[in-house]
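What follows is a short report on a single structure.
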Protein chains: 2
Amino acid sequence: MAAHYPLTTRADARRNRERILSVAYQAFADDPDVPFTTIGKLAGVGAGTLYRNFPTREDLVLAVYRQELQSMVDSVHDLVTEYPPLDALRVWLLRLADFARVKHGLGEALQTAAGKDVAHEADTPVAEAVAVLLRACEKAGDVRPGLDAADVLLLMGFLWSRAAGDAGEQQTRRVLDMAIAGLQ
Amino acid sequence: MAAHYPLTTRADARRNRERILSVAYQAFADDPDVPFTTIGKLAGVGAGTLYRNFPTREDLVLAVYRQELQSMVDSVHDLVTEYPPLDALRVWLLRLADFARVKHGLGEALQTAAGKDVAHEADTPVAEAVAVLLRACEKAGDVRPGLDAADVLLLMGFLWSRAAGDAGEQQTRRVLDMAIAGLQ
DNA sequence: ACCTGAACACCGTTCAAGT
DNA sequence: ACCTGAACACCGTTCAAGT
(Lines give C-alpha, C1' and ligand atoms only; values in the text may rest on other atoms or scores of the structure.)
Protein backbone atom coordinates (compact mmCIF):
# COMPACT_ATOMS: atom_id res chain seq x y z
CA MET A 1 0.00 0.00 0.00
CA ALA A 2 2.39 2.70 -1.12
CA ALA A 3 1.07 6.21 -0.67
CA HIS A 4 0.51 8.05 -3.90
CA TYR A 5 2.27 11.34 -4.25
CA PRO A 6 1.48 13.36 -7.34
CA LEU A 7 4.41 13.56 -9.68
CA THR A 8 3.33 16.95 -10.92
CA THR A 9 1.24 19.62 -9.26
CA ARG A 10 -2.01 20.24 -11.03
CA ALA A 11 -1.87 23.40 -13.09
CA ASP A 12 -4.88 25.04 -11.44
CA ALA A 13 -3.43 24.30 -8.01
CA ARG A 14 -0.21 26.09 -8.85
CA ARG A 15 -2.10 28.98 -10.36
CA ASN A 16 -4.23 29.33 -7.24
CA ARG A 17 -1.25 29.42 -4.94
CA GLU A 18 0.46 32.05 -7.06
CA ARG A 19 -2.69 34.13 -7.23
CA ILE A 20 -3.00 34.16 -3.47
CA LEU A 21 0.60 35.21 -3.00
CA SER A 22 0.36 37.92 -5.61
CA VAL A 23 -2.68 39.60 -4.06
CA ALA A 24 -1.52 39.09 -0.46
CA TYR A 25 1.40 41.55 -0.48
CA GLN A 26 -0.75 44.42 -1.71
CA ALA A 27 -3.63 43.43 0.55
CA PHE A 28 -1.38 43.42 3.65
CA ALA A 29 0.23 46.69 2.62
CA ASP A 30 -3.20 48.32 2.22
CA ASP A 31 -4.51 47.01 5.52
CA PRO A 32 -2.50 44.78 7.84
CA ASP A 33 -5.75 43.68 9.47
CA VAL A 34 -7.42 42.63 6.23
CA PRO A 35 -9.72 39.65 6.95
CA PHE A 36 -7.97 36.45 5.98
CA THR A 37 -10.94 35.27 3.91
CA THR A 38 -10.93 38.54 1.99
CA ILE A 39 -7.55 37.58 0.54
CA GLY A 40 -9.10 34.38 -0.75
CA LYS A 41 -11.90 36.38 -2.35
CA LEU A 42 -9.45 38.83 -3.91
CA ALA A 43 -7.53 35.89 -5.34
CA GLY A 44 -10.77 34.33 -6.56
CA VAL A 45 -10.42 31.08 -4.64
CA GLY A 46 -12.62 29.36 -2.09
CA ALA A 47 -11.87 29.49 1.61
CA GLY A 48 -10.82 25.83 1.60
CA THR A 49 -8.16 26.45 -1.04
CA LEU A 50 -6.80 29.39 0.92
CA TYR A 51 -6.54 27.25 4.04
CA ARG A 52 -4.98 24.26 2.31
CA ASN A 53 -2.18 26.41 0.93
CA PHE A 54 -1.72 28.51 4.06
CA PRO A 55 -3.08 26.78 7.17
CA THR A 56 -2.67 29.92 9.26
CA ARG A 57 -2.50 33.62 8.56
CA GLU A 58 1.07 33.53 9.78
CA ASP A 59 2.03 31.01 7.11
CA LEU A 60 0.86 33.38 4.42
CA VAL A 61 2.55 36.38 6.01
CA LEU A 62 5.84 34.50 6.17
CA ALA A 63 5.52 33.28 2.58
CA VAL A 64 4.97 36.87 1.45
CA TYR A 65 7.93 38.00 3.53
CA ARG A 66 10.19 35.35 2.04
CA GLN A 67 9.08 36.17 -1.49
CA GLU A 68 9.63 39.90 -1.15
CA LEU A 69 13.00 39.59 0.52
CA GLN A 70 14.11 37.18 -2.20
CA SER A 71 13.23 39.68 -4.90
CA MET A 72 15.13 42.35 -2.94
CA VAL A 73 18.22 40.16 -2.86
CA ASP A 74 17.83 39.34 -6.55
CA SER A 75 17.66 43.02 -7.44
CA VAL A 76 21.20 43.69 -6.22
CA HIS A 77 22.83 42.52 -9.41
CA ASP A 78 20.82 44.85 -11.62
CA LEU A 79 21.39 47.76 -9.25
CA VAL A 80 25.18 47.55 -9.25
CA THR A 81 25.24 47.46 -13.05
CA GLU A 82 22.75 50.31 -13.46
CA TYR A 83 23.92 52.78 -10.81
CA PRO A 84 27.21 54.15 -9.49
CA PRO A 85 28.18 52.04 -6.45
CA LEU A 86 27.23 54.52 -3.76
CA ASP A 87 23.83 55.22 -5.36
CA ALA A 88 23.21 51.50 -5.68
CA LEU A 89 23.86 51.11 -1.97
CA ARG A 90 21.64 54.04 -1.09
CA VAL A 91 18.75 52.90 -3.31
CA TRP A 92 18.93 49.35 -2.04
CA LEU A 93 18.99 50.35 1.62
CA LEU A 94 16.08 52.70 1.02
CA ARG A 95 14.10 49.85 -0.50
CA LEU A 96 15.01 47.69 2.45
CA ALA A 97 13.80 50.44 4.76
CA ASP A 98 10.48 50.59 2.91
CA PHE A 99 10.19 46.86 3.18
CA ALA A 100 10.95 47.01 6.89
CA ARG A 101 8.06 49.43 7.30
CA VAL A 102 5.68 47.08 5.55
CA LYS A 103 7.13 44.15 7.43
CA HIS A 104 6.35 46.00 10.60
CA GLY A 105 2.84 46.53 9.31
CA LEU A 106 2.58 42.82 8.68
CA GLY A 107 2.26 42.53 12.40
CA GLU A 108 4.08 40.43 14.87
CA ALA A 109 4.18 37.29 12.77
CA LEU A 110 7.95 37.61 12.68
CA GLN A 111 8.12 37.59 16.46
CA THR A 112 6.91 34.00 16.70
CA ALA A 113 9.21 30.98 16.67
CA ALA A 114 8.54 30.19 13.00
CA GLY A 115 8.81 33.87 12.16
CA LYS A 116 12.24 34.14 13.74
CA ASP A 117 13.40 31.14 11.76
CA VAL A 118 12.36 32.78 8.53
CA ALA A 119 13.84 36.12 9.53
CA HIS A 120 17.05 34.42 10.60
CA GLU A 121 17.23 32.34 7.45
CA ALA A 122 17.13 35.63 5.53
CA ASP A 123 20.05 37.11 7.48
CA THR A 124 22.77 35.46 5.43
CA PRO A 125 21.49 36.33 1.92
CA VAL A 126 20.70 39.88 3.03
CA ALA A 127 24.13 40.29 4.59
CA GLU A 128 25.66 38.96 1.38
CA ALA A 129 23.66 41.43 -0.66
CA VAL A 130 24.95 44.27 1.49
CA ALA A 131 28.46 42.85 1.23
CA VAL A 132 28.26 42.94 -2.56
CA LEU A 133 27.11 46.57 -2.50
CA LEU A 134 29.77 47.53 0.01
CA ARG A 135 32.52 45.86 -1.96
CA ALA A 136 31.52 47.81 -5.06
CA CYS A 137 31.66 51.04 -3.06
CA GLU A 138 34.99 50.07 -1.57
CA LYS A 139 36.49 49.43 -4.99
CA ALA A 140 35.30 52.82 -6.17
CA GLY A 141 36.79 54.39 -3.06
CA ASP A 142 33.34 55.59 -1.92
CA VAL A 143 33.48 54.08 1.54
CA ARG A 144 36.31 53.34 3.88
CA PRO A 145 37.68 49.81 3.58
CA GLY A 146 36.95 46.99 6.01
CA LEU A 147 33.30 47.77 6.70
CA ASP A 148 31.35 44.77 7.94
CA ALA A 149 27.98 44.06 6.30
CA ALA A 150 26.48 42.80 9.55
CA ASP A 151 27.52 46.02 11.30
CA VAL A 152 25.88 48.09 8.61
CA LEU A 153 22.69 46.08 8.93
CA LEU A 154 22.72 46.49 12.69
CA LEU A 155 22.95 50.23 12.24
CA MET A 156 20.11 50.12 9.71
CA GLY A 157 17.94 48.07 12.06
CA PHE A 158 18.40 50.78 14.63
CA LEU A 159 17.33 53.46 12.17
CA TRP A 160 14.22 51.54 11.20
CA SER A 161 13.05 51.02 14.73
CA ARG A 162 13.28 54.78 15.15
CA ALA A 163 11.74 55.53 11.78
CA ALA A 164 8.83 53.16 12.36
CA GLY A 165 8.02 54.84 15.67
CA ASP A 166 8.22 58.39 14.43
CA ALA A 167 7.79 60.08 11.07
CA GLY A 168 7.79 58.26 7.76
CA GLU A 169 9.70 58.26 4.54
CA GLN A 170 11.24 61.72 4.80
CA GLN A 171 12.95 61.06 8.08
CA THR A 172 14.09 57.63 7.00
CA ARG A 173 15.76 59.21 4.01
CA ARG A 174 17.51 61.89 6.03
CA VAL A 175 18.80 59.53 8.66
CA LEU A 176 19.88 57.04 6.04
CA ASP A 177 21.89 59.74 4.32
CA MET A 178 23.52 60.61 7.62
CA ALA A 179 24.41 56.97 8.18
CA ILE A 180 25.87 56.61 4.70
CA ALA A 181 27.90 59.77 5.22
CA GLY A 182 29.27 58.05 8.29
CA LEU A 183 30.50 55.14 6.21
CA GLN A 184 32.52 57.28 3.87
CA MET B 1 -31.44 74.04 29.43
CA ALA B 2 -28.01 73.66 31.03
CA ALA B 3 -26.53 70.19 30.68
CA HIS B 4 -26.19 68.33 33.94
CA TYR B 5 -22.75 67.08 34.75
CA PRO B 6 -22.38 64.89 37.81
CA LEU B 7 -20.50 66.60 40.57
CA THR B 8 -19.17 63.31 41.85
CA THR B 9 -18.63 60.01 40.07
CA ARG B 10 -20.79 57.26 41.40
CA ALA B 11 -18.86 54.95 43.65
CA ASP B 12 -19.70 51.78 41.71
CA ALA B 13 -18.66 53.48 38.46
CA ARG B 14 -15.25 54.32 39.84
CA ARG B 15 -14.88 50.84 41.24
CA ASN B 16 -15.75 49.29 37.89
CA ARG B 17 -13.20 51.37 36.05
CA GLU B 18 -10.50 50.48 38.52
CA ARG B 19 -11.39 46.81 38.37
CA ILE B 20 -11.07 46.78 34.59
CA LEU B 21 -7.69 48.50 34.69
CA SER B 22 -6.39 46.19 37.39
CA VAL B 23 -7.23 43.00 35.52
CA ALA B 24 -6.24 44.34 32.11
CA TYR B 25 -2.47 44.54 32.66
CA GLN B 26 -2.23 40.92 33.74
CA ALA B 27 -4.65 39.79 31.03
CA PHE B 28 -2.63 41.51 28.30
CA ALA B 29 0.62 40.15 29.71
CA ASP B 30 -0.79 36.60 29.74
CA ASP B 31 -2.15 36.87 26.22
CA PRO B 32 -1.92 39.99 24.07
CA ASP B 33 -4.77 38.68 21.95
CA VAL B 34 -7.13 38.13 24.85
CA PRO B 35 -10.71 38.81 23.67
CA PHE B 36 -11.77 42.26 24.69
CA THR B 37 -15.00 41.00 26.25
CA THR B 38 -13.04 38.50 28.34
CA ILE B 39 -11.47 41.41 30.18
CA GLY B 40 -14.94 42.63 31.05
CA LYS B 41 -15.83 39.20 32.36
CA LEU B 42 -12.60 38.98 34.39
CA ALA B 43 -13.43 42.35 35.89
CA GLY B 44 -16.99 41.23 36.57
CA VAL B 45 -18.67 43.96 34.53
CA GLY B 46 -21.07 43.86 31.61
CA ALA B 47 -19.93 44.48 28.06
CA GLY B 48 -21.63 47.87 28.03
CA THR B 49 -19.68 49.08 31.05
CA LEU B 50 -16.44 47.95 29.47
CA TYR B 51 -17.25 49.88 26.30
CA ARG B 52 -18.40 53.05 28.06
CA ASN B 53 -15.12 53.27 29.94
CA PHE B 54 -12.93 52.24 27.03
CA PRO B 55 -14.64 52.74 23.66
CA THR B 56 -11.91 50.83 21.82
CA ARG B 57 -9.40 48.20 22.74
CA GLU B 58 -6.71 50.76 22.02
CA ASP B 59 -8.10 53.10 24.66
CA LEU B 60 -7.73 50.41 27.28
CA VAL B 61 -4.25 49.47 26.13
CA LEU B 62 -3.14 53.09 26.33
CA ALA B 63 -4.70 53.55 29.77
CA VAL B 64 -2.83 50.49 31.01
CA TYR B 65 0.36 51.82 29.43
CA ARG B 66 -0.03 55.19 31.10
CA GLN B 67 -0.77 53.64 34.47
CA GLU B 68 2.20 51.30 34.42
CA LEU B 69 4.64 53.92 33.24
CA GLN B 70 3.42 56.26 35.96
CA SER B 71 4.09 53.67 38.61
CA MET B 72 7.55 53.11 37.11
CA VAL B 73 8.31 56.82 37.37
CA ASP B 74 6.93 56.95 40.91
CA SER B 75 9.18 54.07 41.96
CA VAL B 76 12.36 56.07 41.31
CA HIS B 77 12.29 57.85 44.66
CA ASP B 78 12.10 54.63 46.65
CA LEU B 79 14.83 53.04 44.56
CA VAL B 80 17.41 55.77 45.10
CA THR B 81 16.86 55.65 48.84
CA GLU B 82 16.93 51.84 49.04
CA TYR B 83 19.84 51.02 46.73
CA PRO B 84 23.32 52.34 45.97
CA PRO B 85 23.02 54.73 43.01
CA LEU B 86 24.40 52.42 40.33
CA ASP B 87 22.24 49.51 41.46
CA ALA B 88 19.20 51.77 41.48
CA LEU B 89 19.93 52.73 37.90
CA ARG B 90 20.45 49.14 36.86
CA VAL B 91 17.29 47.87 38.58
CA TRP B 92 15.18 50.65 37.15
CA LEU B 93 16.44 50.20 33.61
CA LEU B 94 15.85 46.46 33.88
CA ARG B 95 12.27 47.09 34.95
CA LEU B 96 11.87 49.49 32.07
CA ALA B 97 13.21 46.79 29.73
CA ASP B 98 10.66 44.30 31.09
CA PHE B 99 7.96 46.85 30.59
CA ALA B 100 9.15 47.50 27.05
CA ARG B 101 8.77 43.78 26.35
CA VAL B 102 5.21 43.76 27.62
CA LYS B 103 4.53 47.01 25.80
CA HIS B 104 5.68 45.29 22.66
CA GLY B 105 3.35 42.43 23.50
CA LEU B 106 0.54 44.92 23.88
CA GLY B 107 0.61 45.11 20.14
CA GLU B 108 0.84 48.04 17.85
CA ALA B 109 -1.51 50.30 19.75
CA LEU B 110 1.41 52.63 20.36
CA GLN B 111 2.05 52.97 16.64
CA THR B 112 -1.25 54.77 16.05
CA ALA B 113 -1.66 58.53 16.24
CA ALA B 114 -3.18 58.46 19.71
CA GLY B 115 -0.60 55.92 20.80
CA LYS B 116 2.25 58.13 19.74
CA ASP B 117 0.77 61.01 21.69
CA VAL B 118 0.69 58.91 24.83
CA ALA B 119 4.18 57.55 24.24
CA HIS B 120 5.45 61.03 23.56
CA GLU B 121 3.72 62.48 26.59
CA ALA B 122 5.62 59.92 28.64
CA ASP B 123 9.00 60.92 27.25
CA THR B 124 9.53 63.86 29.56
CA PRO B 125 8.70 62.16 32.89
CA VAL B 126 10.71 59.10 31.88
CA ALA B 127 13.68 61.21 30.87
CA GLU B 128 13.40 63.04 34.20
CA ALA B 129 13.37 59.74 36.05
CA VAL B 130 16.54 58.68 34.26
CA ALA B 131 18.05 62.09 34.96
CA VAL B 132 17.43 61.66 38.69
CA LEU B 133 19.08 58.23 38.65
CA LEU B 134 22.02 59.51 36.61
CA ARG B 135 22.57 62.48 38.88
CA ALA B 136 22.73 60.18 41.90
CA CYS B 137 25.31 58.04 40.10
CA GLU B 138 27.26 61.11 39.09
CA LYS B 139 27.39 62.39 42.66
CA ALA B 140 28.70 59.02 43.81
CA GLY B 141 31.29 59.09 41.05
CA ASP B 142 29.79 55.94 39.50
CA VAL B 143 29.34 57.35 35.99
CA ARG B 144 31.22 59.97 34.06
CA PRO B 145 29.74 63.46 34.38
CA GLY B 146 27.65 65.16 31.73
CA LEU B 147 25.65 62.15 30.55
CA ASP B 148 22.39 63.08 28.89
CA ALA B 149 19.26 61.21 29.99
CA ALA B 150 17.78 61.31 26.48
CA ASP B 151 20.97 59.78 25.06
CA VAL B 152 20.84 56.98 27.59
CA LEU B 153 17.21 56.30 26.70
CA LEU B 154 18.04 56.27 23.00
CA LEU B 155 20.71 53.66 23.69
CA MET B 156 18.23 51.66 25.76
CA GLY B 157 15.61 51.81 23.03
CA PHE B 158 18.16 50.32 20.70
CA LEU B 159 18.86 47.49 23.10
CA TRP B 160 15.19 46.70 23.50
CA SER B 161 14.48 46.51 19.83
CA ARG B 162 17.30 43.96 19.61
CA ALA B 163 16.22 42.13 22.76
CA ALA B 164 12.61 41.91 21.65
CA GLY B 165 13.60 40.37 18.36
CA ASP B 166 16.03 37.84 19.75
CA ALA B 167 16.46 36.11 23.07
CA GLY B 168 14.72 37.24 26.23
CA GLU B 169 15.65 38.30 29.71
CA GLN B 170 19.15 36.86 29.81
CA GLN B 171 20.38 38.75 26.79
CA THR B 172 18.68 41.95 27.89
CA ARG B 173 20.54 41.70 31.17
CA ARG B 174 23.91 41.08 29.56
CA VAL B 175 23.60 43.88 27.05
CA LEU B 176 22.29 46.25 29.69
CA ASP B 177 25.32 45.53 31.82
CA MET B 178 27.58 46.22 28.86
CA ALA B 179 25.80 49.51 28.26
CA ILE B 180 26.09 50.54 31.90
CA ALA B 181 29.78 49.65 31.87
CA GLY B 182 30.06 52.05 28.95
CA LEU B 183 28.63 54.87 31.04
CA GLN B 184 31.18 54.55 33.77
C1' DA C 1 -26.46 57.99 36.07
C1' DC C 2 -24.94 53.79 35.49
C1' DC C 3 -25.47 48.92 34.86
C1' DT C 4 -26.48 44.21 32.65
C1' DG C 5 -26.63 40.96 29.07
C1' DA C 6 -29.30 39.46 25.00
C1' DA C 7 -29.03 40.30 20.13
C1' DC C 8 -26.86 41.15 15.90
C1' DA C 9 -22.93 41.46 12.65
C1' DC C 10 -18.76 39.80 11.05
C1' DC C 11 -14.79 36.92 10.55
C1' DG C 12 -12.20 32.35 11.18
C1' DT C 13 -12.38 27.64 10.19
C1' DT C 14 -14.19 23.17 8.74
C1' DC C 15 -16.06 19.78 5.76
C1' DA C 16 -19.59 17.68 2.65
C1' DA C 17 -20.38 17.70 -1.97
C1' DG C 18 -18.72 18.58 -6.44
C1' DT C 19 -15.33 18.33 -10.78
C1' DA D 1 -6.38 15.60 -6.45
C1' DC D 2 -8.16 19.66 -5.92
C1' DC D 3 -11.93 22.85 -5.65
C1' DT D 4 -16.13 25.52 -3.86
C1' DG D 5 -18.93 27.63 -0.54
C1' DA D 6 -22.49 26.72 3.02
C1' DA D 7 -22.45 26.02 7.92
C1' DC D 8 -20.90 26.64 12.45
C1' DA D 9 -18.31 28.88 16.23
C1' DC D 10 -16.63 32.81 18.32
C1' DC D 11 -15.76 37.56 19.21
C1' DG D 12 -16.88 42.71 18.71
C1' DT D 13 -20.32 46.00 19.43
C1' DT D 14 -24.86 48.00 20.35
C1' DC D 15 -28.92 49.07 22.83
C1' DA D 16 -33.35 48.05 25.29
C1' DA D 17 -34.57 47.25 29.77
C1' DG D 18 -33.42 47.48 34.50
C1' DT D 19 -31.72 49.72 39.19
Side-chain angles (χ1 to χ4, degrees), chain A residues 1-24 26-28 30-64 105-109 112 114-115, chain B residues 1-24 26-28 30-64 105-109 112 114-115:
Chain A
M1 293 261 284
H4 291 277
Y5 294 106
L7 293 177
T8 62
T9 316
R10 247 170 53 179
D12 56 344
R14 224 181 322 115
R15 217 175 19 242
N16 279 333
R17 191 188 164 85
E18 272 160 26
R19 262 197 202 150
I20 294 168
L21 272 173
S22 75
V23 300
Q26 194 55 48
F28 283 136
D30 290 345
D31 173 16
D33 293 328
V34 60
F36 195 46
T37 45
T38 299
I39 294 174
K41 276 170 205 157
L42 288 172
V45 303
T49 299
L50 180 64
Y51 275 86
R52 193 164 354 81
N53 279 284
F54 305 101
T56 71
R57 184 191 185 90
E58 191 191 332
D59 289 322
L60 177 55
V61 169
L62 292 181
V64 169
L106 289 185
E108 281 129 15
T112 67
Chain B
M1 289 267 285
H4 290 276
Y5 296 105
L7 293 177
T8 61
T9 316
R10 246 170 54 178
D12 56 343
R14 224 178 324 113
R15 220 179 11 247
N16 279 333
R17 192 189 164 84
E18 274 160 26
R19 263 197 202 151
I20 294 168
L21 272 173
S22 74
V23 300
Q26 193 56 47
F28 283 136
D30 290 345
D31 173 17
D33 294 327
V34 61
F36 195 46
T37 45
T38 299
I39 294 173
K41 275 171 204 156
L42 287 172
V45 303
T49 299
L50 180 63
Y51 276 86
R52 191 162 358 80
N53 279 285
F54 305 101
T56 72
R57 184 191 185 88
E58 191 192 332
D59 289 323
L60 177 55
V61 168
L62 293 182
V64 168
L106 289 185
E108 281 130 16
T112 67

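Lettering follows sequence order; numbering is per chain, from 1.
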Let me know the distance between CG of Asp59(A) and P of dG12(C), rounded to the nearest Å. 15 Å

Could you tell me the separation between the CZ atom of Phe54(A) and the P atom of dC3(D), rounded to a whole number of Å? 12 Å

Atom pair distance, as rounded to whole Å: CG in Asn53(B) and P in dT13(D): 15 Å

How does DNA chain C read in dot-bracket, base by base from 5' to 3', with Watson-Crick or G-U pairs under 3.5 Å and | used when the partner is on another strand? ||.|||||...|||||.||

Starting at the 5' end of nucleotides 14-19 of chain D, put B wherever the base has a protein heavy atom under 4.0 Å, S where only the sugar-phosphate does, and a dash everywhere else. BB----

Asp12(B) CG to dC3(C) P, in whole Å, measures 5 Å

Gap between atoms CZ and C1', on Phe36(A) and dC10(D) respectively (whole Å): 17 Å

Please confirm whether the backbone N or O of Ala27(A) pairs with a side-chain atom of Asp30(A), one donor and one acceptor, at under 3.5 Å? no

Contact list for residues 10-20 of chain A, test side chain to side chain donor-acceptor pair (under 3.5 Å), sequence neighbours left out: Arg10(A)-Asp12(A)

Would you mind reading off the distance between Arg52(A) atom CZ and dC3(D) atom C1', rounded to a whole angstrom? 7 Å

Expressed in angstrom and rounded to an integer, what is the separation of Leu60(B) atom CG from dT13(D) atom P? 12 Å

Could you identify which residues of residues 37-46 of chain A place a heavy atom less than 4.0 Å from some atom of DNA chain D, listed by residue number, or say none? Gly44(A), Val45(A), Gly46(A)

Strand contacts (DNA chain C) in residues 13-21 of chain A, 4.0 angstrom heavy-atom criterion: none

Could you tell me the separation between the CZ atom of Arg57(B) and the P atom of dT13(D), rounded to a whole number of Å? 9 Å

Considering all heavy atoms, the nearest Pro55(A)-Asp59(A) contact: CD-OD2, 3.3 Å

Only pairs under 3.5 Å count here: list side-chain donor-acceptor contacts from residues 36-52 of chain B, not counting sequence neighbours, and write none if there are none.
none

Go through it in stages, so that I can follow the logic: the residues are Val64(A) and Phe54(A), the test is side-chain contact (heavy atoms from CB on, under 4.5 Å), and I'd like the CA-CA distance, side-chain angles, deciding distance and then a yes or no. CA-CA 11 Å; Val64(A) 169; Phe54(A) 305 101; over 6 Å; no

